[in-house]
Amino acid sequence: MSVTVRFAPSPTGRIHAGNIRTAMFNFLFARRAGGRLIFRLDDTDQERSTEEFARGIEEDLSWLGVEWAEKVRQSDRFDLYADAVTRLKASGRLYPAYETPEELELKRKRQLARGKPPVYDRAALKLTADDRASLEKEGRKPHWRFLLEQRDVVWDDLVRGRQHVDAASLSDPVLVREDGTYLYTMPSVVDDIDLGITHVIRGEDHVANTAPQIQLFEALAATPPAFGHHNLLVGAEGQALSKRDRTLSIASLREEGIEALAVASYAAVIGTSDPVVPHANLDELVRAFDFAKLSRAPARFDPNELRLLNAKLLHMLPFSAVEKRLRAIGVDGGEDFWEAVRGNLAVLADATLWWSVVTGPLEPVIENRDLCRAAAGLLPAEPWAEATWPAWSSAVKEATGAKGKALFAPLRLALTGREHGPELKHLLPLIGRARAAARLEGKLA
Ligand code: GLU
C-alpha cells in the first residue's frame, strides 16, 4: 500500500512554528516514501472555524513549499460520520449517557478521594429503556460514549518505539455531544479510514488519544494505520506554544523577512540530532529526514537561532534564487551585486540598503579630508574590477603614508557613508568612478 499521510489542522487560528513541524514531518515523510500528503481541514467546530483561518493556513503552507495531493474539509463529510455513528450504535459500541458535567465532576472527585483513578464508571450502561425514557422526559439529551474493550492496546510508534496502554485505565471517550456535534476523535478516525491514511504523524500531545483511536479503527472494521508522535516545540522559556501567540506565527515570521526555506529547515531540524544549518532546497531536507533522529525531549524554539539560520541561508543563496524578489523590492543589481552584499544581510530586504549605497545619492562621511582628496586624485580610469581596490588603496597608502585602519576607515566612510559593510573590492566597481570621485570630495552622489 502506498504511503498516505495527512496534515489536519483545525482552522481556529493561524498555524505556528510547532504546527509547522507536524506539517513538515508529514510532507518530508511522504516525499521520501514517494507517497501522498492530504491536507485536511478539521473544521467540524463550525463556530470556531473560519474561512479566513483556513485560507491563512493554506497560504502559510504554500509559502513554505509544503505541497499536498488533495485537500478535504471535514465539514463536507458529515454523512460519513453519521453513517459511522449508525454502525457503532448497531454493534453496541456507542452508548448513550446522560450525566451532566457537574455530575461527572462529582464522580471524579469521589473517586479521587477514595484514591481511585477518575475513570468513567459506565453507570449509563446499566440504564434500562425506562430509565432512559424518563431521563429524556426530564429534558435530558444523551451524549454518546465509545465502549472500549478492556484490554492492552499496543503499537510500534515510529518515534517512541513500542507503546502499551491498558484500555481498562481509560474512560470510554465521548464521541458525540448532546447537541449532536462531534468531538475530534470520530471524524478523524472515519476520515483516516476513508482517505486510506497509512501513517498518522502528529505531536506527542495526541499520544493519549491513540489507544482509543486504535480500538475505534477496529470497531469500524479497519486496520489501524501506523502512528508516529513527535516531540513538541516549546518556547525559549520552556512554555507551550499557543495559536494565540502572534510572535511565533508563520505570518509574523514571514513579515519579519525570514525566508521560507529557513523556517522549513529550522522546523525540520530542531529537536533532532541534525545540526541547525541551512539547506539549499527542500529536496535536501527530504533526503536528511529520518524519525530515528528525533529526540524525545521537547524541542526549543529560539527566534535568534532562526534569525541566524536565516542569515546563513541568505549568504549561500545563488542569485537565481532571489533575482525576482530583489527586483520586486526595487533592487536591480545583477549577480555581481548579489554576491558582493549577500554576506552582509540578515534579511533579504537589507539588500535595499546596499543598493542605495551603490546607486546613491549618498551623503559621504569625510573623516580625513586630505586623505580622501588625495585618494580621489589617484582613482584609475575605468573599467573597474576586483583588482581595482587593492591596486588603488596601495597607491593611496604609498602617496599618503596612511595604513591599516587609518587608511581603510576614512575610505570606507567616504565611499559608503558607514563603518562596516561588504568588501570594498566588490563594492567599488559597483559604485563606479564618477560616484566614488564625488563622494571622496565630500559631495552628495
Ligand atoms: N485536528 C487535530 C489537531 O489539530 C488533528 C490531530 C491528528 O493529527 O490526529 O490537533
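Residue numbers run from 1 in the order of the sequence given. The model shown is predicted, which means the values in this text are computed figures rather than measured ones. Atoms within each ligand, like the ligands themselves, are counted from 1 in listed order. Both backbone and side-chain heavy atoms feed into the values below; hydrogens, waters and symmetry mates do not.
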Check: In ligand 1, which numbered atoms sit nearer than 4.0 Å to a non-hydrogen atom of S10?
Finding: 1 (N)
Check: Is the ring centre of F319 less than 6.0 Å from the ring centre of W338?
Finding: no
Check: Would one find an N or O of A8, backbone or side chain, under 3.5 Å from an N or O of ligand 1?
Finding: yes
Checklist line | Shortest reach to atom 10 (O) of ligand 1 by a heavy atom, considering only Q213, H206, H229 | finding: H206
Check: Going by the atom numbers of ligand 1, which of them fall below 4.0 Å from some non-hydrogen atom of D42?
Finding: 1 (N), 2 (C), 5 (C)
Margin query: Classify the ring geometry of Y95 against Y120: parallel below 30°, tilted from 30° to 60°, perpendicular beyond 60°.
Written below: parallel
Note to self: In the structure I gave you, are the side-chain heavy atoms of F291 and I201 within less than 4.5 Å of one another anywhere?
What the structure shows: yes
Notebook entry, point to check: Do E363 and R439 meet the salt-bridge criterion of a basic N to acidic O distance under 4.0 Å?
Noted result: no
Checklist line | By side-chain hydrogen bond (donor to acceptor under 3.5 Å, both in side chains) - contacts of D274 (at least two apart) | finding: K293
Notebook entry, point to check: Considering only heavy atoms of R6, which atoms of ligand 1 have at least one such atom less than 4.0 Å away?
Noted result: 7 (C), 8 (O), 9 (O)
